[in-house]
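When reading the values below, keep in mind they use all heavy atoms of this one structure, side chains included, and skip hydrogens, waters and symmetry mates. Values in this document were obtained by computation on a predicted structure and should not be read as measured data.
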Amino acid sequence: MRTKTSAAVAGIAGLGLLLAACGGDDDGGSGGAEAGPATVRIGYIPGPAPAMNLLLADERGYFAENDIEVELTPFQTGISLSNALTGGSIDIGVMGAVVANFPARGQGKLFLLNNLEADIQQIWAAPDSGVESVADLAGTQVATTTGSAAHLLLHVALEAEGVPAEDVEIVNLDMPAVANTFVTGGIGAAALWAPFDTQVEEQLPDATLIATSADYEEAAIAGGWVANNDFYADHADTLARLAEVWLRSNEDLTADRDAALAEACPRLEEFMTVETCIEIYGKTQTFTNDEWAAYYEDGTALDWVGRMEQVFVDIGALPEFVEPEKYFDTSIYTDAVGS
């Protein structure tokens with residue numbers, strides 16, 4: 001069984017501009033009783049952190065072996081993918097930090113996490129800016145994409161260092177413009193994500209990396225898999241089989257990462273080089289299946305999602321906090337491990 005891939009949406013993922021809101025429950029999805037091979041329409045962000053488990057599983061035929069046919073469609077941002085989920089043109093979305101936004105609004109169910117994006121989000125200071133630490137950002141301008149995971153890191157870092165958010169002027173740009181403005185001297189500091197750090201290192205080699213998500217426990221940024229409401233309600237068996245597929249690909253990634261990346265990274269060559277893909281994935285924090293099981297069972301996974309959600313509430317991307325248990329179904333993973 002061969003995967004069918006839809007036309008790509010150009011560009012590297014932004015992880016979502018989370019300030020836009022969508023109303024209403026999902027009215028799409030595949031629907032109907034499950035019988036025979038399931039066709040699942042999966043949208044994904046074409047970056048190594050959110051997409052690696054998905055692409056490796058497809059490349060190694062794990063979906064077919066679990067009687068699932070997948071139609072894969074890349075999306076440029078988490079918000080466009082979330083809108084597709086809400087509209088019903090996509091059954092499953094594999095994305096970044098937006099997993100703690102739209103599902104909290106009642107638009108989809110989170111059921112798998114992929115990894116922690118430990119060093120992917122970063123804060124940089126330009127040479128001669130006078131900024132040598134996060135504390136020095138008080139009274140300065142910082143370019144970032146508001147509502148994104150990079151904004152999440154910036155907010156957490158400022159809070160941790162005792163810098164009131166209102167003391168920093170955020171310049172909201174799309175991420176390519178953030179990087180371009182920073183390296184050309186248009187602004188003294190930037191919160192961005194890999195692979196835009198490569199542009200900084202090449203074009204502004206004297207810039208200083210002053211923080212990453214790994215520096216702050218509260219900035220635990222995790223992406224994952226979200227089912228639209230109709231698919232979640234009607235396809236419990238398929239969700240269980242998707243979790244089994246994920247377990248196989250994650251076992252491969254943790255047992256022999258080099259071999260897994262060499263096989264899966266070429267699937268992202270439309271968006272980045274294989275070398276860049278490998279480098280970015282190296283900035284993630286991954287866990288074995290057993291470690292994930294412990295994190296699901298002891299509430300750590302829920303806590304990570306809740307921390308992301310709280311920051312989105314704090315920065316105005318969500319109207320109110322919703323307990324993650326209401327939109328993150330951890331039982332799908334734990335049942336798959338148990339079986």
Side-chain angles (χ1 to χ4, degrees), residues 6 15-35 37-45 50-51 53-54 63 66 68-75 77-114 147 222-246 296 301-302 304-306 308-310 312-313 317-336:
S6 302
L15 291 178
L17 303 176
L18 305 178
L19 294 178
C22 299
D25 292 332
D26 295 328
D27 57 6
S30 297
E34 295 187 85
T39 298
V40 184
R41 301 166 300 172
I42 301 179
Y44 69 99
I45 301 299
N53 289 75
L54 169 71
F63 290 109
N66 278 266
I68 298 171
E69 181 177 357
V70 291
E71 297 177 354
L72 303 185
T73 304
F75 284 77
T77 66
I79 192 168
S80 60
L81 176 47
S82 294
N83 286 335
L85 271 175
T86 302
S89 61
I90 294 294
D91 302 314
I92 303 291
V94 181
M95 60 189 93
V98 73
V99 300
N101 185 295
F102 283 86
R105 303 173 186 272
Q107 297 163 13
K109 291 284 189 179
L110 174 63
F111 66 99
L112 290 172
L113 294 180
N114 286 319
W225 298 44
V226 177
N228 75 33
N229 288 339
D230 288 343
F231 195 88
Y232 175 82
D234 296 339
H235 295 276
D237 178 67
T238 301
L239 292 174
R241 284 185 280 143
L242 288 172
E244 292 168 3
V245 167
W246 189 95
Y296 277 73
L302 285 165
W304 286 335
V305 173
M308 291 191 295
E309 183 194 350
Q310 184 60 60
F312 295 145
V313 173
L318 276 173
E320 61 182 357
F321 185 84
V322 176
E323 290 299 329
E325 292 91 340
K326 295 185 178 180
Y327 61 86
F328 183 8
D329 185 350
T330 59
S331 69
I332 294 174
Y333 181 88
T334 55
D335 288 348

Would you check if [X] and [Y] make a side-chain contact, meaning some heavy-atom pair closer than 4.5 Å?
| X | Y | result |
| --- | --- | --- |
| K109 | N229 | yes |
| V99 | W225 | no |
| V98 | I45 | no |
| V226 | Y327 | no |
| F231 | L85 | no |

Just by distance, do the side chain of [X] and the backbone of [Y] share a donor-acceptor pair under 3.5 Å?
| X | Y | value |
| --- | --- | --- |
| N228 | D230 | yes |
| D91 | R41 | yes |
| Q107 | S82 | no |

What closest approach, in Å, do [X] and [Y] show between heavy atoms, and which atom pair accounts for it?
| X | Y | answer |
| --- | --- | --- |
| R105 | A317 | NH2-O, 2.5 Å |
| V305 | P324 | CG1-CB, 4.3 Å |
| A243 | A336 | CB-CB, 3.7 Å |
| A227 | F111 | N-CE2, 3.8 Å |
| A104 | E309 | CB-OE2, 3.8 Å |
| L239 | I92 | CD2-CD1, 3.9 Å |

For this session: Starting at CG of N53, measure out to OH of Y44 and round the result to the nearest 0.5 Å.
Result: 14.0 Å
For this session: Please round to the nearest 0.5 Å and tell me the distance separating atom OH of Y296 and atom CD1 of I332.
Result: 9.5 Å
Problem set entry | L72/L54 under side chain to side chain contact (heavy atoms under 4.5 Å, CB included): CA gap, chis, key distance, verdict | CA-CA 9 Å; L72 303 185; L54 169 71; 4.0 Å; yes
For this session: Show your working on side chain to side chain contact (heavy atoms under 4.5 Å, CB included) between F63 and L242 and close with a plain yes or no.
Result: CA-CA 8 Å; F63 290 109; L242 288 172; 3.7 Å; yes
For this session: Show your working on side chain to side chain contact (heavy atoms under 4.5 Å, CB included) between V40 and R241 and close with a plain yes or no.
Result: CA-CA 11 Å; V40 184; R241 284 185 280 143; over 6 Å; no
Problem set entry | Contacts of type side chain to side chain donor-acceptor pair (under 3.5 Å), residue S331, not counting sequence neighbours | D329
For this session: Could you tell me which residues satisfy side chain to side chain donor-acceptor pair (under 3.5 Å) with T330, sequence neighbours excluded, listed by chain and number?
Result: none
Exercise. Going by the angle between their ring planes, with limits at 30° and 60°, are W246 and Y333 parallel, tilted or perpendicular?
Worked result: perpendicular
For this session: Determine, using ring centers only, whether F312 and F102 are less than 6.0 Å apart.
Result: no
Exercise. Hey, mind stepping through V94 and L81 against side chain to side chain contact (heavy atoms under 4.5 Å, CB included) and telling me if it holds?
Worked result: CA-CA 9 Å; V94 181; L81 176 47; 5.7 Å; no
